[in-house]
Structure formats: C-alpha cells, structure tokens
There are 2 protein chains.
Amino acid sequence: MVRAAPYDREIALDAAMSLFWDKGYHATSLKDLEATLHMKPGSIYAAFCSKENLYLLSLEHYFKTARARLRTQLQQASSPLAGLGEHLRSYARLSQGDTARQACMLTKSLVDTRSTDPVIAQKTQEYLGQIRSDFAATFDRAKALGELPADADSNRLARRFQANVTALRFELHQGTPQDEILNLAEDMARELEQLRI
Amino acid sequence: MVRAAPYDREIALDAAMSLFWDKGYHATSLKDLEATLHMKPGSIYAAFCSKENLYLLSLEHYFKTARARLRTQLQQASSPLAGLGEHLRSYARLSQGDTARQACMLTKSLVDTRSTDPVIAQKTQEYLGQIRSDFAATFDRAKALGELPADADSNRLARRFQANVTALRFELHQGTPQDEILNLAEDMARELEQLRI
DNA sequence: GGTGTTTTTGAGCGATCACTCAATGCTTTT
DNA sequence: AAAAGCATTGAGTGATCGCTCAAAAACACC
C-alpha cells in the first residue's frame with residue numbers, strides 16, 4: 001500500500017514525538033519506534049534516514065506546535081501581560097491524563113543530549129531561544145501599550161518568564177499535587193502582573 | 001592489591017557521580033564507567049552489584065553532599081532569608097569550569113528515568129522532597145525570628161523557592177551568558193527578600 | 001492484465017549493551 | 001617460604017542496539 005505521504009508522515013511524526021517526549025532520546029529504541037509508528041525498520045529508515053534525524057524532526061514538530069499554541073493564546077488575550085499570565089495558569093489547568101502534563105520536551109531534550117549529542121543539543125537551544133524571543137516581543141508590546149514602564153528590560157523579563165515556565169512544567173513532570181501546582185502558577189502569574197503600571 | 005576499602009570506595013563513588021551527573025543514566029555505559037573509575041567490569045560488579053545500584057549510590061552521594069553544602073551555607077548566613085538569597089546568588093558565581101555549573105543532578109535524574117526506571121525515579125523524588133523540607137524549615141525559622149509574617153505559608157514558599165533554584169540551574173546547564181545568569185539570580189533573590197517584613 | 005516503478009517487508013548485519021566467572025595475582029597467616 | 005584467603009582481571013556471555021538490503025507486495029499506467 002502506498003501511503004498518502006504527507007498525511008501519514010504527519011501522523012507518524014506526531015506519534016514519534018510523543019514517544020521521544022515521554023522516554024527521551026537515549027531510552028527510546030528502534031523497537032519502541034517500530035511498535036508506536038506501526039512501521040518496520042526498513043520503512044522507518046526510508047522515511048526518516050536515522051534515529052537522530054527522526055528525533056530532530058520530532059523536535060521540530062514539537063516546537064512548531066508549541067509555538068503556534070502559544071501565539072494563539074497570546075493573541076486571544078485581552079493584553080500582553082494578561083496573555084502571559086494566562087499561559088502560566090493554563091499549565092496548571094491541564095487535566096491529569098493530558099500528555100502535555102510533564103516537562104517541556106525542549107527542556108528534557110537538552111538535559112538528555114547536551115553532553116552526548118551536540119547536533120540535537122544545538123537545535124534544542126535554538127528553539128528555546130526562539131520561544132524566548134516570542135516572550136520578549138510580548139513584553140515589548142506590553143511596553144508599547146503602556147502596560148509596562150518604558151524602561152523595562154524585555155529580554156531580562158523574558159528570561160525570567162521562561163525560567164518560571166520551565167520550573168512550573170518540571171513540577172508537572174514530578175507529579176506534584178494539583179493544589180500545589182495551582183498555588184505555584186498563581187504565585188508566578190501574580191509576580192508577573194505586579195509589573196503592570 | 002587490596003583497596004583501603006572505605007576510602008577508595010568514596011573516591012570511586014565520587015567519580016561515578018560526576019560521570020552520571022554529566023551524561024545521565026541511559027547514556028552512560030559500563031565502558032565509560034570502567035574508564036572513569038579505573039576498574040574492570042568484574043571489580044565494579046563486586047563492589048556495586050549493578051549499574052542501577054551504582055547509580056542509586058551515586059545519587060545518594062550527590063544528595064548528601066548537596067544537602068551538607070546547603071546546610072552550611074544557611075548556617076553561616078546572617079538570617080534565614082539572607083541565607084536563601086545567598087544560596088541563589090552563589091550559583092551565579094560558580095566559575096566557568098566548575099562541574100556544578102549545570103542542572104541539579106536530581107532534576108536531570110528525574111527527567112532521565114521517570115518513565116523508564118521507577119526505582120530511581122522514586123528515590124530521586126524522595127531526595128527532592130527532603131531538600132524542599134529543608135527550605136520549608138528555613139522559612140519556618142524566618143517566621144519564628146520575625147523575618148516573615150506569622151501567616152506566611154512555608155511549604156508554598158519552599159515549593160516556589162525550589163522551582164527558582166531548578167530553573168536557575170537549568171540556565172547554567174544551557175550555558176546562558178554570565179551576565180544574564182547574574183540578572184536572573186538577582187531577580188529571584190530580590191523577589192525573595194521582598195517577603196521580608 | 002501485463003509492465004515498470006515505488007514502497008514495504010523482516011531476517012539478519014556488526015557493534016555494543018550490561019554483566020559473568022574461571023584464572024590470576026597480591027596479602028596475610030603460619 | 002608454603003598455604004590459605006580474597007580482590008582483581010579481562011575474555012567472553014547472550015541480548016539488544018541502530019541499521020541494511022534483497023525479495024516481495026502494492027501500486028500506476030497503458
């Protein structure tokens with residue numbers, strides 16, 4: 001059977017992403033991928049070249065999805081700062097079974113590969129940097145709208161904000177009780193909203 | 001040659017810890033351990049039973065060292081809150097070559113093993129919990145000394161503080177530029193010190 | 001329905017994995 | 001200095017790793 005290529009490829013990539021996200025690069029074997037993608041080794045290699053390349057494609061897929069979700073969230077908010085606050089609180093509202101209820105895949109990826117796979121590590125840092133620059137742009141918009149003082153340091157705020165998101169999602173990963181997650185997200189969101197003029 | 005057992009064992013454990021800390025559980029092979037510990041496979045297994053057990057011992061060694069360092073730091077400070085602030089800033093001052101200039105081993109361990117090795121994951125969470133309870137006890141002392149309001153929620157503050165430490169150390173892991181690390185640590189420390197009555 | 005092209009298959013490749021154990025030292029006891 | 005007691009050795013275990021490729025199956029076109 002010839003696959004309707006782009007469609008099935010997207011499906012397979014999404015499944016690979018979930019598996020890699022959950023188990024990490026080193027702990028995921030080709031056997032695992034064969035079972036999850038419902039593909040034999042030959043097909044996997046015909047379609048994705050290597051385990052490393054499949055991981056890179058999965059990471060890109062994760063990044064694009066995450067960034068799109070973030071941008072939508074920010075656009076729908078009543079203001080830049082409100083959007084960022086809502087972003088934090090939305091993690092705390094993730095339902096128990098949600099696959100996103102764990103650490104950011106980029107965080108996990110960097111921890112997993114920084115000292116063993118420079119190619120993956122570098123791409124991961126690139127993606128983290130791009131998301132951070134989205135945060136910085138949002139702080140810039142807040143300044144332009146008079147929501148933040150004109151002398152606020154957007155890059156510094158973005159770094160701080162990203163650190164908060166990373167930490168919050170690591171708590172999800174840990175399985176911290178829901179009420180403590182809500183408190184933590186609330187603390188972070190309040191701190192952010194106190195910057196408002 | 002018969003080893004002076006407890007001494008050499010400590011040396012070996014420290015070397016194993018460094019290696020596991022750097023590469024992670026799954027990416028570290030027995031070959032790597034043989035080279036780092038200067039021991040042949042037979043000796044390693046005679047001394048440590050299994051790779052998993054050696055990892056657990058390394059993790060315990062890390063925990064004990066880290067906890068001791070933290071307690072000394074807190075004792076030497078002029079007040080509980082000052083000690084916690086100093087703890088944050090001390091990470092930012094770590095020299096470029098320092099092996100500690102990366103993510104906390106407990107953080108990395110949980111990311112690496114949560115969905116592949118329940119035994120390790122559980123121990124890791126236990127250690128993280130114990131460190132958090134040290135933080136909570138410090139906030140309690142701050143309350144007793146009148147440094148914090150009597151109705152402050154020590155556990156909530158401890159969770160927030162630990163999240164900050166995790167995030168700050170992840171930035172070290174990422175190789176974020178020194179000046180940005182200093183800013184981030186400063187932001188976190190100031191936020192903490194603003195709790196002071 | 002025959003032909004040419006493309007895709008899928010899965011047994012099996014060499015390398016490496018975590019790990020074992022009979023043989024070999026070294027040290028202590030006598 | 002011989003014997004007994006242990007820690008150390010490293011070649012070798014079966015299993016699994018990421019990956020290949022010749023054969024088979026499924027398709028498109030005429």
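Heavy-atom basis, side chains included; hydrogens, waters and symmetry copies ignored. Everything numeric in this text was worked out from a predicted model, so none of it was measured. Naming: A, B, ... by sequence-line order, numbering from 1 per chain.
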Exercise for the section: In whole angstrom, give the distance that lies between atom OH of Tyr25(A) and atom P of dC17(D). Expected result: 14 Å
Exercise for the section: Please state whether the rings of His87(B) and Phe161(B) are parallel, tilted or perpendicular, taking 30° and 60° as the class boundaries. Expected result: tilted
Practice task
Select base, sugar-phosphate, or nothing to describe what Lys51(A) touches, counting heavy atoms under 4.0 Å on all strands.
Solution key: sugar-phosphate
Handout entry: Nearest-angstrom distance from the residue atom CD of Glu34(B) to P of dC19(C)
Key = 12 Å
Exercise for the section: Whole angstrom is fine here: how far is it from CZ in Phe48(B) over to P in dT20(C)? Expected result: 16 Å
Exercise for the section: Kindly give the heavy-atom pair with the smallest separation between Leu88(A) and Leu168(A), and that separation in Å. Expected result: O-CD2, 3.5 Å
Exercise for the section: Give a yes/no on whether any side-chain N or O of Tyr45(A) is located under 4.0 angstrom from OP1 or OP2 of dT20(D). Expected result: no
Handout entry: Arg141(A) to Phe135(A) six-membered ring, cation-pi geometry met (6.0 Å, 45°)
Key = no
Problem - Ser29(A) side-chain proximity, nearest of dC17(D), dG10(C), dA18(C) - result: dC17(D)
Practice task
Could you state the atom-to-atom distance from CG of Asn53(B) to C1' of dC19(C) in whole Å?
Solution key: 14 Å
Handout entry: Side chain of Ser43(B) (C-beta onward), nearest among dG10(D), dT9(C), dT9(D)
Key = dT9(D)
Exercise for the section: Indicate yes or no for a side-chain donor-acceptor contact from Lys23(A) to the backbone of Ser115(B) under 3.5 Å, with no hydrogens or angles considered. Expected result: no
Handout entry: Under 3.5 Å donor-acceptor, Lys51(B) side chain and Thr28(B) backbone
Key = yes
Handout entry: Residue closer to the 5' end of DNA chain D, Thr28(A) versus Ala46(B) (nearest nucleotide)
Key = Ala46(B)
Problem - Protein-nucleotide distance (Leu30(B), atom CG; dA11(D), atom P), rounded to Å - result: 16 Å
Handout entry: Separation of dC19(D) P from Met39(A) CE (nearest whole Å)
Key = 14 Å
Practice task
To the nearest Å, give me how far apart CG (Leu19(A)) and P (dG18(D)) are.
Solution key: 11 Å
Problem - Along DNA chain C (nearest heavy atom to each residue), the more 5'-positioned of Lys31(B) and Gly42(A) - result: Gly42(A)
Practice task
Could you check how far NZ of Lys40(A) sits from C1' of dT20(D), rounded to whole Å?
Solution key: 16 Å
